[in-house]
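In what follows, a structure is listed as structure tokens, so that the remarks can point back to it.
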Amino acid sequence: MTGSDEDPRVAELRTAVSRLRRELAAHPAEFPDRGIAEDELAALAAMTNGGAPEIPRLRRSLLLIAGAIGSVSALSRGLAEVRDAVELFGEPRRR
């Protein structure tokens with residue numbers, strides 16, 4: 001994005017989350033933790049709109065999403081993209 005001060009990591013996370021949300025919405029099968037995945041993806045999407053997201057919260061959401069949809073092979077590529085985008089933020093700083 002030319003002329004933008006947006007962190008490219010946030011833009012990549014936003015794109016990956018948006019893609020996985022669309023894939024999940026289009027996935028025909030219902031599964032027990034689908035609502036958890038949808039809620040956490042919505043939380044991640046909201047975090048990308050508010051500047052730099054909190055790394056511990058990103059990781060927590062990723063774990064919940066992976067646990068909720070990890071066994072749905074049709075969503076594995078989108079989940080991997082979200083994981084890769086979260087990993088761009090690195091480890092939280094320790095004081």
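- Checked by atom type and distance alone, the side chain of R59 never pairs as donor or acceptor with a backbone atom of V86 at under 3.5 Å.
- Pairing each heavy atom of G90 with each of I55, the nearest pair is O-CG2, 3.6 Å.
- How far CZ of R77 is from CG of L79: 12.5 Å, rounded to the nearest 0.5 Å.
- Residues R21 and L24 fail the side-chain proximity criterion, which asks for heavy atoms closer than 4.5 Å.
- When all heavy atoms are compared, the tightest approach of V10 to P53 is CG2-CD, 3.9 Å.
- For R19, the salt bridge (Lys or Arg N to Asp or Glu O under 4.0 Å) partners are E81, not counting sequence neighbours.
- Residues L20 and L44 are not in side-chain contact: their nearest non-hydrogen atoms beyond the backbone lie 4.5 Å or more apart.
- To the nearest 0.5 Å, the span separating CG on L63 from CG on L58 amounts to 11.0 Å.
- The pair E40-R57 meets the salt-bridge criterion, with a side-chain N (NZ, NE, NH1 or NH2) lying under 4.0 Å from an Asp/Glu carboxylate O.
- Side-chain contact, R14 with S18: no donor N or O sits under 3.5 Å from an acceptor N or O.
- L75 CG to I65 CD1: the interatomic distance, rounded to the nearest 0.5 Å, is 11.5 Å.
- Looking at residues two or more places apart in sequence or on another chain, you find no side-chain hydrogen bond (donor to acceptor under 3.5 Å, both in side chains) involving R83.
- F89 and L64 fall into different hydrophobic clusters, defined by Ile, Leu, Val, Met, Phe, Trp and Tyr side-chain heavy atoms under 4.5 Å apart, directly or through other members.
- Interatomic distance, L88 CG to E12 CD, rounded to the nearest 0.5 Å: 5.0 Å.
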